Amino acid sequence: MTNISREMLQTYLVAGTQNTGMDDFLNILEQSLQAGITCFQFREKGAGSLQDSDAILKYATAAQALCRHYQVPFIIDDNLDLALQINADGIHVGQSDQPWHKIETAKAHGLITGLSCHTEQELHQSHNQPILDYIGIGPIFPTNSKEDAKPALGTNRLRFLTQQSELPVVAIGGINQENVAQVAKATVDGVAVISAITHATDIAQAVQALQKPWRRSTDENQS
C-alpha cells in the first residue's frame, strides 16, 4: 500500500500499549478492526510506553499482521527505523520530530506520509512538499492522551485550516462520540482518536458512533 484515500482516514485509531495496557492492546485493536476502523497508527510514546526495542518490535509486528488481515493501513508514529524494518504502510510525524528528513526517506521507500499541523504557517509549508499524503490538524479539543498537546483549536479554526489544505485532512485531539458531528461539519475527511475507542466499554458502538456523520452524508448523497 503506497497511497491513502480520503475514505481510509475516516475512522483513524491511534494507540500503543500505554493507552490500553500490554495485555489488552492486541485484543482492543482487533475489536476495533472488526468494528470497522479505516486506519491504524501504532504510537508507542509517552508515559507508560514500552522502552525495550524488542518489545516494541513484537507489538508492532503483531499489530501489523492484524491490520493486514483486515486490509487496513498500518501507520507508525515517528519511528522511521521501525517503519522501514517491518515495511509498514506509512509513517506519521509531528512538527517536533525532524519531520522532513523522515518524510523524504519514508516516501523514497514508498510509504504513506502524514504530518501534524497546528498553524496556518505549518499548513502552508506542507504545500511545498509533494511527498506528503495527508495532514493531521489538531488538537481540536483539550486532550489528556498527549502530554505535549498544544492549545485546542476548536471547530471554527479547524474549518478554516481545512479549507486552506490542498491535502486530505484528519482531525486530531479530544474527539469523541459527543462532539464528532460538529468536527465532521468542518469538512474534514475523518477523525483520529485514542481514548474514544481504547477506553470505550463497547468498542463496536463507539466506532459506529464515530462513523455516523459520514454515513449520514453518504446516505443523503445517494437519496
Side-chain angles (χ1 to χ4, degrees), residues 1 4 8-83 85-94 97 112 114 116 136 138-149 170-180 183 190-212:
M1 187 179 297
I4 194 161
M8 289 176 181
L9 295 173
Q10 189 182 104
T11 317
Y12 188 146
L13 174 61
V14 180
T17 63
Q18 72 278 356
N19 305 117
T20 62
M22 293 170 62
D23 294 340
D24 293 329
F25 173 71
L26 293 173
N27 181 43
I28 287 173
L29 174 57
E30 183 155 30
Q31 286 185 59
S32 304
L33 289 162
Q34 290 172 343
I37 62 167
T38 57
C39 192
F40 175 67
Q41 181 188 134
F42 180 70
R43 182 181 183 274
E44 194 66 28
K45 185 184 287 187
S49 61
L50 297 171
Q51 301 302 311
D52 180 74
S53 58
D54 289 338
I56 293 171
L57 177 62
K58 170 187 170 183
Y59 279 95
T61 52
Q64 181 182 33
L66 284 173
C67 289
R68 283 182 172 170
H69 177 74
Y70 289 93
Q71 297 182 310
V72 166
F74 177 74
I75 311 294
I76 288 181
D77 175 78
D78 185 29
N79 193 332
L80 177 62
D81 291 341
L82 177 62
Q85 180 181 357
I86 67 174
N87 192 27
D89 293 315
I91 186 170
H92 185 96
V93 293
D97 295 331
I112 295 164
S116 294
I140 311 309
F141 304 107
T143 175
N144 295 321
S145 297
K146 293 186 178 182
E147 299 166 348
D148 58 348
V170 58
I172 300 172
I175 299 166
N176 55 40
Q177 299 175 38
E178 286 71 40
N179 59 34
V180 67
V183 174
V191 292
V193 301
I194 300 177
S195 59
I197 290 177
T198 61
H199 294 174
T201 53
D202 185 332
I203 289 176
Q205 187 275 333
V207 172
Q208 186 177 42
L210 291 167
Q211 293 177 337
K212 188 174 180 179

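Hydrogens, waters and symmetry mates are skipped; everything else that's a heavy atom, side chains included, is used. The model shown is predicted, which means the values in this text are computed figures rather than measured ones.
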Asks: Under the side-chain contact (heavy atoms from CB on, under 4.5 Å) rule, what do D78 and I91 come out as? Steps first, then yes or no, please.
Replies: CA-CA 6 Å; D78 185 29; I91 186 170; 5.8 Å; no
Asks: Do V14 and F42 have side chains that approach each other closer than 4.5 Å (heavy atoms only, starting at C-beta)?
Replies: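 V14 does not reach F42 side chain to side chain.
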Asks: Filter on side-chain hydrogen bond (donor to acceptor under 3.5 Å, both in side chains), then keep only pairs touching residues 192-209, sequence neighbours left out; what's left?
Replies: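 Only Q177-Q205 qualify under side-chain hydrogen bond (donor to acceptor under 3.5 Å, both in side chains).
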Asks: Can you name the closest pair of heavy atoms from I86 and A60 and give their distance?
Replies: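 Minimum heavy-atom separation between I86 and A60: CD1-CB, 4.1 Å.
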Asks: How many angstroms lie between NE2 in H92 and CG in D77, if you round to the nearest 0.5 Å?
Replies: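 Between atom NE2 of H92 and atom CG of D77 there are 6.5 Å.
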Asks: Indicate the atoms forming the closest heavy-atom contact of V183 with A171, along with that distance.
Replies: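 Minimum heavy-atom separation between V183 and A171: CG1-CB, 3.7 Å.
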Asks: Testing the basics here: between S116 and G94, what is the closest heavy-atom pair and its distance to 0.1 Å?
Replies: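 It is CB-CA, 4.1 Å.
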Asks: Mark yes or no for whether N19, through its side chain, and G16, through its backbone, hold a donor-acceptor pair below 3.5 Å.
Replies: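 Side chain of N19 to backbone of G16: a pair is present.
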Asks: According to salt bridge (Lys or Arg N to Asp or Glu O under 4.0 Å), who are the partners of D97, at least two apart in sequence or on a separate chain?
Replies: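 D97: salt bridge (Lys or Arg N to Asp or Glu O under 4.0 Å) contacts with K45.
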Asks: If the condition is side chain to side chain donor-acceptor pair (under 3.5 Å), which residues does T20 pass it with, not counting sequence neighbours?
Replies: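 T20 satisfies side chain to side chain donor-acceptor pair (under 3.5 Å) with no residue once adjacent residues are dropped.
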Asks: Quick check: do F74 and R68 have side-chain heavy atoms less than 4.5 Å from each other?
Replies: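 Side-chain contact under 4.5 Å: no.
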Asks: State, to 0.1 Å, how close Q64 and N87 come at their nearest heavy-atom pair, and which atoms those are.
Replies: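 Looks like NE2-O, 3.2 Å.
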Asks: Which heavy atom of I175 sits nearest a heavy atom of A192, and at what distance?
Replies: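 Looks like CD1-O, 4.3 Å.
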Asks: Using modelled atom types and a 3.5 Å cut-off, is there a donor and acceptor pairing between side-chain atoms of Q31 and backbone atoms of A204?
Replies: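 The answer is no, because no donor-acceptor pair under 3.5 Å joins these two groups.
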Asks: Show, in sequence, the C-alpha distance, side-chain angles and deciding distance for S49 and Q51, and conclude whether the side-chain hydrogen bond (donor to acceptor under 3.5 Å, both in side chains) test is met.
Replies: CA-CA 6 Å; S49 61; Q51 301 302 311; 3.2 Å; yes
Asks: Taking atom NZ of K212 and atom CG of L210, what is their separation to the nearest 0.5 Å?
Replies: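 So the gap between those two atoms works out to 12.0 Å.
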Asks: The test is side-chain contact (heavy atoms from CB on, under 4.5 Å); show your working for M22 and L50 and say whether it passes.
Replies: CA-CA 9 Å; M22 293 170 62; L50 297 171; 3.9 Å; yes
Asks: To the nearest 0.5 Å, what is the distance between CD1 (I4) and OG1 (T38)?
Replies: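 Nearest 0.5 Å value for the CD1-OG1 distance: 7.5 Å.
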Asks: Just how far is it from atom CD1 of I75 to atom CG of L9, taken to the nearest 0.5 Å?
Replies: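 Between I75 CD1 and L9 CG, I get 8.5 Å after rounding to 0.5 Å.
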Asks: Could you go through V193 and N176, starting from their C-alpha distance and side-chain angles, then the distance that decides it, and tell me whether this counts as side-chain contact (heavy atoms from CB on, under 4.5 Å)?
Replies: CA-CA 7 Å; V193 301; N176 55 40; over 6 Å; no
Asks: Identify the two heavy atoms, one from G174 and one from N179, that lie closest to each other, and give their separation to 0.1 Å.
Replies: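 What the structure gives for the nearest pair is O-ND2, 3.1 Å.
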Asks: Can you tell me how far the CG atom of N27 sits from the CD1 atom of I203, to the nearest 0.5 Å?
Replies: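 Atom-to-atom, N27:CG and I203:CD1 are 7.0 Å apart.
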Asks: Quick one, I76 with Q41, criterion side-chain contact (heavy atoms from CB on, under 4.5 Å). Give me CA distance, side-chain angles, the key distance, then yes/no.
Replies: CA-CA 5 Å; I76 288 181; Q41 181 188 134; over 6 Å; no
Asks: Is any side-chain heavy atom of I172 closer than 4.5 Å to one of I140?
Replies: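 Side chain of I140 against side chain of I172, heavy atoms only: no contact under 4.5 Å found.
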Asks: Working to the nearest 0.5 angstrom, can you tell me the gap between C67 SG and D89 CG?
Replies: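 With rounding to 0.5 Å, SG (C67) is 8.0 Å from CG (D89).
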Asks: Give the ring-plane orientation class for Y59 versus F25, where under 30° counts as parallel, over 60° as perpendicular and anything between as tilted.
Replies: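 Y59 and F25: perpendicular rings.
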